[in-house]
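Step one of this worksheet: look at the structure below.
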Amino acid sequence: MIEFEYINNKGDMEMFWFLAIAIGLLISIADYFLLADDKRMGTFIRIILRDVLTINLTSFFLMKNFFNVSNIFMPNAHRPSFIWKYAGLALAVGVVLWCIIGFAKRILKIEYSAPKNNKGALAVKIISTVFFALGLAAYTGTLWGKEAFGDLAADQILINLNSPTEGTDVGVYISLFEGPVLTTLLFTVLFCIFVFPNYKFTYEKNEKYVAFLPSIAIRIIALVLALAMLIGGCAFGINRFQLMTLYDAYLTDSSYIEDNYADPTTTKLTFPEKKRNLIHIYLESMENTFFSKELGGYFDENLMPELAELTKEGISFSHTDTGFGGPVPTSGSGWSVAAMVNMSIGLPMKVPVDGNSYGQPGNFLPGATALGDILAEQGYEQSLMFGADAAFGGLNFFFQSHGDFEILDHKGVIEKGWLPEHYNVWWGYEDDKLYEFAKTELTRLADTGKPFHFVMETADTHAPEGYLSAKAEKKFDTQYANAIHYSQKEAVKFVRWIQSQPFYENTTIVIIGDHLSMANSFFENVSGYKRTMYNLFLNPAKNVADIPESYTVNRDWAPFDMFPSIVASLGVEIEGNRLGIGTNMFSGEKTLIERDGISYVNSELSERSNFYNSNILVKRKTD
């Protein structure tokens, strides 16, 4: 059982119960003065008890069973916004209760009148409906995006819009329809029912029904509500996705990348006489948070025991001196494609400009010199393997143009006859098959007699809940926790197989979480903890295997620092210990984050870089 650490905030508790009772009292007062026949004090007390209990019990029921919110009686276990969300729900329940009582007593009434040929009124209704739908779509789309993809940044949104989406898990599209699309359609239809019919709300006064909400008032209310929804929904999306930072991406120029760039094409790299093999394993969304607290993680129980034991055998760079740690995502590195780019070229992925994109052959950062380019020049045989379609995000273009990799993605293994033609599980094929196929490919690479570079990425721990193999032990309460536990265990089994092979003696294994997990609901109550990506170097070259402990602890670093660090782990001497804007961690020299601070680095990397646009995003004129 995973236990979350709750924040004990007495002020939140008091505010929650104050609002819960106050809303009940507000509806009770409206009920007593407008609907009650008996005005005695006893009646008032009875109405208060009935309304307060009915409203809050109904709201608790809806929160628990309809909105799937846990710990509803512990508001201090949630973010502060929970209190106001509950207040809004309770108020809506109260209004519905009041209307039901009014209609039941025949005090309230809806009167219908024949429609009039009023073009102005019709235009207001149409405009209101469009504004309401757009605002609601912005709000629900933002909630869905944050739940499905985590902390999407503005640059990621634009980059993904300029990249291919083939191979996306069909579940993403299903959740999009079942979530924001269906919700927007449903509430827009309800809004139309309220706006378009020609009726008025009346109440009984002196045995006559008097309009207290005529048609024109309904139109005004609808327009105000629609404008509020449009402005609120757009503001919510702009704030959550940090869209204002796009100003920096397009208009504010920074020379930071140019000032700190070590060009791999001109930096002297001295390879050992006997070149080492490299196996680079990206573990989807694997982060140190999943370890137990005693190991530097967050949870009471360790979700990654086998990985913890394996880590003792190698070198892992930590931001602490007491437990597991690692890098934090920086601007342009927080999703799978960007993570691979950062660790391959020592640079962030930045927003494409001037018609460039990442989805065309030969047009994926053609000015960059990547790890694959360097190793190809040294005679390495190179392969890339993962269960999705490599066309997703344009990864096939990146790895083919930077090292001519053999691509063994979903389509690739089907073409080889390793899977039936129409086989499709999860993002393509699951990790159980990935590891078996990887063994076959590694055996082939070793038999070529050439040094080899093998890259693979798992997928079963992808948000929102992961994919749980039928072989997995269901030890924890959530599917995601079980997927993490099973995935790390299988990863270690695969590493043990590699270690048993003849080629391992001359092979370096790099294991890293590609980015922080995007399963937001799993981390809803994680607070006061710095989440970092898992990392491990196994069997690095002898010249870096015995570095001082001070080089590995209390380090602040970024995914782009992996580029020179991976090169160094192969026994390569790097002049200046810098490649791209990354620093060789094995050298003990300060990284850019250690020198300048994470906030400053992220601020500079988020701004427009003319150097990047002219030398990395396009093919260099001097090439």
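Note that the structure is a prediction, hence the values are computed from the model and not measured.
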In this structure, which one of Thr184, Leu186, Leu230 forms a side chain to side chain contact (heavy atoms under 4.5 Å, CB included) with Leu136?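 That would be Thr184.
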With side chain to side chain contact (heavy atoms under 4.5 Å, CB included) as the test, pick out the partner of Lys350 among Ile257, Asn613, Ile616.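 Looking at Ile257, Asn613, Ile616, the match for Lys350 under the side chain to side chain contact (heavy atoms under 4.5 Å, CB included) is Ile257.
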Do [X] and [Y] come within less than 4.5 Å of each other through their side chains, counting heavy atoms only?
X: Ile581; Y: Leu605; answer: yes
X: Asp409; Y: Asn396; answer: no
X: Leu25; Y: Ile48; answer: yes
X: Arg50; Y: Ile47; answer: yes
X: Tyr612; Y: Leu365; answer: yes
X: Thr289; Y: Phe522; answer: no
X: Trp98; Y: Leu34; answer: yes
X: Trp427; Y: Tyr467; answer: no

Side chains of [X] and [Y]: is there a donor and an acceptor less than 3.5 Å apart?
X: Ser331; Y: Ser606; result: no
X: Ser336; Y: Asp514; result: yes
X: Glu604; Y: Ser254; result: yes
X: Tyr86; Y: Asn56; result: yes
X: Tyr480; Y: Ser521; result: no
X: Asp38; Y: Thr43; result: yes

Measuring from [X]:[atom1] to [Y]:[atom2], what's the distance to the nearest 0.5 Å?
X: Met518; Y: His462; atom1: CE; atom2: NE2; answer: 6.5 Å
X: Ile593; Y: Ser599; atom1: CD1; atom2: OG; answer: 10.0 Å
X: Thr478; Y: Glu465; atom1: OG1; atom2: CD; answer: 8.5 Å
X: Tyr529; Y: Phe299; atom1: OH; atom2: CZ; answer: 9.0 Å
X: Leu283; Y: Asp460; atom1: CG; atom2: CG; answer: 11.0 Å
X: Ile83; Y: Trp17; atom1: CD1; atom2: CH2; answer: 11.5 Å

Please check if the side chain of [X] supplies one atom and the backbone of [Y] the other of a donor-acceptor pair under 3.5 Å.
X: Asp31; Y: Ile27; answer: no
X: Glu430; Y: Val425; answer: no
X: Glu284; Y: Glu457; answer: no

So which heavy atom on [X] is nearest to which on [Y], and how close?
X: Ala463; Y: Trp426; answer: O-CH2, 4.4 Å
X: Ala519; Y: Pro464; answer: CB-O, 3.4 Å
X: Gly94; Y: Ile55; answer: CA-CD1, 3.6 Å
X: Ser128; Y: Ala226; answer: O-CB, 3.1 Å
X: Met533; Y: Pro559; answer: CE-CG, 4.0 Å
X: Gly334; Y: Ala338; answer: N-CB, 4.4 Å

Less than 6.0 angstrom separating the ring centers of Tyr600 and Tyr256, yes or no?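 Under 6.0 Å, so yes.
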Under the 6.0 Å and 45° cation-pi test, does Lys39 pair with Tyr32?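 Flagged: Lys39 positioned over aromatic ring of Tyr32.
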Tell me, yes or no, whether the heavy-atom count around Phe187 atom CZ, taken from other residues, nucleotides or ligands under 6.0 Å, exceeds 12.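 It does not: Phe187 CZ has 12 such atoms or fewer within range.
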Does atom NZ (Lys64) have a neighbourhood of more than 12 heavy atoms from anything else shown, all under 6.0 Å?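 No, NZ of Lys64 has 12 or fewer neighbouring heavy atoms, counting only those of other groups under 6.0 Å.
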Verdict with supporting geometry, Met349 and Phe364, side-chain contact (heavy atoms from CB on, under 4.5 Å): CA-CA 10 Å; Met349 275 188 80; Phe364 202 124; 4.0 Å; yes
Full working for side chain to side chain donor-acceptor pair (under 3.5 Å) between Ser285 and Thr461: CA-CA 6 Å; Ser285 305; Thr461 48; 5.1 Å; no
List the steps, then state whether side chain to side chain donor-acceptor pair (under 3.5 Å) holds for Thr532 with Asn288. CA-CA 6 Å; Thr532 56; Asn288 297 300; 2.9 Å; yes
Please evaluate residues Val328 and Arg531 with respect to the criterion side-chain contact (heavy atoms from CB on, under 4.5 Å), reporting the C-alpha separation (whole Å), side-chain torsions for both, the decisive distance (0.1 Å), and the verdict. CA-CA 7 Å; Val328 294; Arg531 294 169 58 190; over 6 Å; no
Given Ser609 and Glu258, is the side chain to side chain donor-acceptor pair (under 3.5 Å) satisfied, shown in steps? CA-CA 8 Å; Ser609 170; Glu258 181 177 11; over 6 Å; no
Give the intermediate values and the outcome of side-chain contact (heavy atoms from CB on, under 4.5 Å) for residues Phe398 and Ile345. CA-CA 11 Å; Phe398 177 73; Ile345 68 173; 4.1 Å; yes
